[in-house]
Amino acid sequence: MGVYSLLLLVSTVIFVLLVCSLSPERVHPWVFGLQMGWQTFWHLLIQYREYYLNEPTDSRLLLSVSSLMLLTQRVTSVSMDLQDGGRVTLMIQCRVFLPLISYALNFTALLGGPLSSFDQFVYFVEQITISPPPQPLSVISYKGFQVLSLEWARNSLTRLLRDNASSLSVSNNVLTDVLWIWGLAVVLRIRYYSHWKISECLNNAAGLGFRGMVKEDSPNWSGLSDGDLWTTEMSCQVSEFARRWNGTTATWLRRLVFQRCKTAPLVMTFGFSIWWHGIHLGQFVGFLVWAAAVRADYQIHKYLKPKLTSTRRRLVRTCLCWLNTQMVMACVVIAIELRSTSSLRILGLTYTGVFPLLNVLFIFIV
């Protein structure tokens with residue numbers, strides 16, 4: 001990161017100073033406000049350079065801001081723990097700050113997650129020193145093979161999409177256009193699954209994430225994970241997909257925003273997610289569409305459940321709901337990842353944007 005590592009060091013120093021100087025119940029508002037203000041400043045600076053000055057952004061700055069977002073998760077997680085009491089409060093009262101700094105600047109998590117609570121982190125480190133877990137080489141090798149498989153699938157699908165991209169603008173076949181958009185969204189999602197699996201490997205190599213033995217010769221190294229491709233992609237409800245996608249971040253958002261908001265908690269949660277991700281236009285549209293689709297999902301299943309009396313009807317409903325979830329998430333992912341108006345134009349020209357609109361209309365119909 002070079003000089004941009006100061007972004008993380010400044011945040012950590014301010015965080016420790018706030019913890020030292022304020023009472024536990026007053027730490028969270030200050031940590032949340034200052035950390036989000038610092039992060040937003042750098043997000044807006046990057047957008048100013050990209051959109052107004054048309055300057056390329058230094059990759060080291062992008063990496064630093066990405067890590068800063070993950071650091072925001074960690075320091076706010078600790079500040080909420082301080083409000084709730086527990087081990088971290090006891091450490092602060094005893095003026096023991098080194099474990100707190102180690103947690104905040106744990107590089108294996110700052111490079112890509114996943115988020116763990118402070119208590120989890122302390123447990124994993126104590127486990128390494130007191131009762132070392134078995135060597136994770138076999139698990140890392142298996143997960144490494146999964147990463148290679150995901151990257152092979154992503155590259156193969158990317159080539160297929162590139163070969164058929166020329167016909168996208170001239171084709172009058174709506175189904176072909178929709179399938180192309182769905183394939184592009186799958187490519188973008190696979191990149192995340194691959195990244196999360198690499199992060200798991202990195203944490204396991206450091207000895208973090210061991211949850212005991214499943215069998216005598218089968219260690220469980222799934223203690224730190226952001227999600228699994230098959231589990232997430234087989235979700236038949238948009239709300240279910242939202243809970244499983246980037247699992248530790250979803251849990252953090254639920255605790256930070258959803259459980260604390262008495263008015264429109266769903267909208268506030270997705271609204272905060274827009275702020276945390278950087279406030280790009282595509283992200284604004286994508287997350288609001290996602291929130292509306294989740295709300296519609298609750299209504300749809302509440303309406304359909306009493307009517308599904310036979311196995312055949314339930315099977316048809318499951319298949320249709322899975323297709324609906326895939327297409328809604330395709331729209332959401334493309335809008336968020338491409339970030340600009342071009343993503344919205346693509347969704348409009350290929351009629352893919354009709355799927356989330358139908359979900360939203362269903363709220364008013366019911």
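In what follows, every heavy atom counts, from backbone to side chain, and hydrogens, waters and symmetry copies are set aside. Here the structure is a predicted model, which is why all the values come from computation and not from measurement.
- The aromatic rings of F241 and W245 sit parallel to each other, their planes meeting at less than 30°, with 60° as the upper class boundary.
- Annotation: side chain of F32 is not in contact with side chain of S79 (no heavy-atom distance under 4.5 Å).
- Using a 4.5 Å cut-off between side-chain heavy atoms of Ile, Leu, Val, Met, Phe, Trp and Tyr, with links allowed through other members, L62 and W38 fall into the same hydrophobic cluster.
- Taking each heavy atom of T108 and A206 in turn, the nearest pair found is CG2-CB, 4.0 Å.
- S222 and N220 share a donor-acceptor pair across their side chains, judged by distance under 3.5 Å alone.
- Nearest approach of S117 to S77, heavy atoms of both residues: CA-OG, 4.4 Å.
- Taking CD1 of I274 as the start and CZ of F287 as the end, the distance is 7.0 Å to the nearest 0.5 Å.
- Between A104 and L110, the shortest heavy-atom contact is O-CD1, 3.5 Å.
- Summarising the local packing, OH of Y51 is surrounded by more than 12 heavy atoms from other residues, nucleotides or ligands at distances under 6.0 Å.
- At least one donor-acceptor pair under 3.5 Å links the side chain of W276 to the backbone N or O of M69.
- More than 12 non-hydrogen atoms from other residues, nucleotides or ligands lie less than 6.0 angstrom from CZ of R189.
- Here the straight-line distance linking atom CG of N203 with atom OG of S199 works out to 7.0 Å at 0.5 Å rounding.
- Taking the ring centroids of F15 and W30, they lie at or beyond the 6.0 Å cut-off.
- W275 and T40 share a donor-acceptor pair across their side chains, judged by distance under 3.5 Å alone.
- The one candidate from I334, T352, V333, T158 that meets the side chain to side chain contact (heavy atoms under 4.5 Å, CB included) condition with L184 is I334.
- Hydrophobic clustering (ILVMFWY, side-chain heavy atoms < 4.5 Å, transitive): V147 and W230 are in distinct clusters.
- In this structure, L71 and L8 approach most closely via the heavy-atom pair CD2-O, 3.7 Å.
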